[in-house]
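All chains are named by letter (A, B, ...) in the order of the sequence lines, taking the proteins before the strands, and each is independently numbered beginning at 1. On a predicted model such as this, the values are computed, not experimentally measured, just so you know.
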Number of protein chains: 2
Amino acid sequence: MTIQEPAVARPAGRPRSEKAEKAIIEATLDLLGEGMGVSELSIEAIASRAGVGKTTIYRRWSNKEDLIVDALATLKAPLPELGGTSVRDDLISLLGAMRAEAGQPRSRCVMNIAMSEADRYPRLMERFVERAITPRREAMRAVIERGIASGELDPGLDVDMGMALLSGTMLWHTKWGPEGELDPGLPERVVDVVMAGIAARP
Amino acid sequence: MTIQEPAVARPAGRPRSEKAEKAIIEATLDLLGEGMGVSELSIEAIASRAGVGKTTIYRRWSNKEDLIVDALATLKAPLPELGGTSVRDDLISLLGAMRAEAGQPRSRCVMNIAMSEADRYPRLMERFVERAITPRREAMRAVIERGIASGELDPGLDVDMGMALLSGTMLWHTKWGPEGELDPGLPERVVDVVMAGIAARP
DNA sequence: CCGATACGCAACGGTTCCGTTTCGTAAATA
DNA sequence: TATTTACGAAACGGAACCGTTGCGTATCGG
């Protein structure tokens, strides 16, 4: 018995190509990142971009939505390391990460889809929210709750309101703020002006 | 000469039907309001919904984008009457109007389009921003500037930051806040928590 | 080597929408 | 009445994409 026994017996025949699978997912994310909407995204375009036959796609996913679900699931969520020294610093880190992601076209367009097509593709969004939104939301919630506990933030603060203030303000700036201007100090300015409202006042 | 002479001579033949024109625009807004994206919106669907032949549409608009531009232009912008008694009251009125519009499916979906398809349809968005966004933005800017002048708001406040705080927080709540819950007091709560930050402190 | 499965490719019939044309009819002017 | 233009309806050829199938080749286990 020199051959190791896999836990699940490999089925006979040529195994599926991992390379093709990755190329399909990459092509899907690329096209979405280039501004293509979910409804405009065609299997044929994905196959062409990935250098793959349509058969290879249909063998793995029965429809477009399933494919996009899996593609979105591969978007890693590398939350920033939080120093934990102060609530202010941690919030600046979180907003900075948010702004940086909003700058990447791929994340940016996926975010657009999340905001506009949530009603039409509920399964898609459920998965995306679970994978991408919730971790960030909970990270910010944890920071705010820690700040309330430590006395850095107003003990009467509604946590959801605090998150809306920070995230909403940041989102607004990246969407409709002064164009082109990247303003590396923006996260700090947002946190400071919001903190002045929600920070505990002695 | 019993017949009045119009300023512009009416061309011979049957005049175009205003009723058909309105039906086309209404059908367009209806379909957009039902969640249909710009790219999925087809001339044939509009014609069918409006009870009109495709010919009647193509006679007026050479392409889909032109039609949507005109349709969006008919969306009136009835800004709320501002009492002008206090900055706080006026801001609550503005945010209340924003939330009310976000509740109407037609305005809601048009807003979705504005946020997600701005890159793909720049002409569309330019017109929409000019027609719908700018008046509201300027109304809020005026209130904030009046508040700064009157001493109700922090004299060092960045007006754009103030608008981002108010509008962004409101947007965030309507998008990802607790579902279903309408919370009629939300505009007031948002204004109060933001004011606590941007209001001048004696 | 053999059987099995995956591969890329091309073609299929079917659907939807495109923008145009034709048709018979309706509504205006002259 | 004659002319002119608009109307709704239907059909056109063309394009894109659907999901499927067949083809010849490649890659695995036995």
Engineer: If the condition is side-chain hydrogen bond (donor to acceptor under 3.5 Å, both in side chains), which residues does A/Glu130 pass it with, not counting sequence neighbours?
Structural biologist: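 By the side-chain hydrogen bond (donor to acceptor under 3.5 Å, both in side chains) rule, A/Glu130 matches no residue at all.
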Engineer: Could you pull out all residues at least two apart from B/Ser116 that satisfy side-chain hydrogen bond (donor to acceptor under 3.5 Å, both in side chains)?
Structural biologist: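 Per chain and number, B/Ser116 pairs via side-chain hydrogen bond (donor to acceptor under 3.5 Å, both in side chains) with A/Ser116.
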Engineer: Of the residues in residues 17-34 of chain B, which ones touch DNA chain C at a heavy-atom distance under 4.0 Å?
Structural biologist: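 DNA chain C contact set from residues 17-34 of chain B: none.
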Engineer: What residues, two or more places apart in sequence or in another chain, satisfy salt bridge (charged side-chain N to carboxylate O under 4.0 Å, His left out) together with B/Arg14?
Structural biologist: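 In terms of salt bridge (charged side-chain N to carboxylate O under 4.0 Å, His left out), with neighbours along the sequence ignored, B/Arg14 is linked to no residue.
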Engineer: Taking DNA chain C as the partner, which of residues 47-58 of chain B come within under 4.0 angstrom of it by heavy atom?
Structural biologist: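 Those residues are B/Lys54, B/Thr55, B/Tyr58.
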Engineer: Polar-atom pairs under 3.5 Å, protein N or O versus N or O of nucleotides 26-29 of chain C: list them with distances, or write none.
Structural biologist:
from   : atom 1 : to      : atom 2 : distance (Å)
C/dA26 : N3     : B/Arg14 : NH1    : 3.2
C/dA28 : O3'    : B/Arg10 : NH1    : 3.0

Engineer: Kindly state each residue pair satisfying side-chain hydrogen bond (donor to acceptor under 3.5 Å, both in side chains) with at least one member in residues 52-62 of chain A, sequence neighbours excluded.
Structural biologist: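 Sorted result for residues 52-62 of chain A: A/Glu21-A/Arg60, A/Glu44-A/Lys54, A/Trp61-A/Asp70, A/Ser62-A/Asp66.
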Engineer: Listed by chain and number, what are the side-chain hydrogen bond (donor to acceptor under 3.5 Å, both in side chains) partners of A/Ser150, not counting sequence neighbours?
Structural biologist: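 Here the qualifying residues are A/Glu152.
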Engineer: Tell me, please, which residues at least two apart from B/Arg88 pass salt bridge (charged side-chain N to carboxylate O under 4.0 Å, His left out).
Structural biologist: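 Expected list: B/Glu188, B/Asp192.
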Engineer: Could you list the residues that satisfy side-chain hydrogen bond (donor to acceptor under 3.5 Å, both in side chains) with A/Glu138, not counting sequence neighbours?
Structural biologist: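 Partners of A/Glu138 under the side-chain hydrogen bond (donor to acceptor under 3.5 Å, both in side chains) test: none.
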Engineer: With a cut-off of less than 4.0 Å, is there a side-chain N or O of A/Arg16 near OP1 or OP2 of D/dA26?
Structural biologist: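 No, outside the criterion.
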Engineer: The criterion is salt bridge (charged side-chain N to carboxylate O under 4.0 Å, His left out); which residues satisfy it with A/Asp158, sequence neighbours excluded?
Structural biologist: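 Testing A/Asp158 for salt bridge (charged side-chain N to carboxylate O under 4.0 Å, His left out), a comparison that skips the adjacent residues, returns B/Arg189.
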Engineer: Got a sec, which residues hit salt bridge (charged side-chain N to carboxylate O under 4.0 Å, His left out) with B/Arg146, two or more places apart in sequence or on another chain?
Structural biologist: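 Scan of B/Arg146 (salt bridge (charged side-chain N to carboxylate O under 4.0 Å, His left out), adjacent residues dropped) gives B/Asp90.
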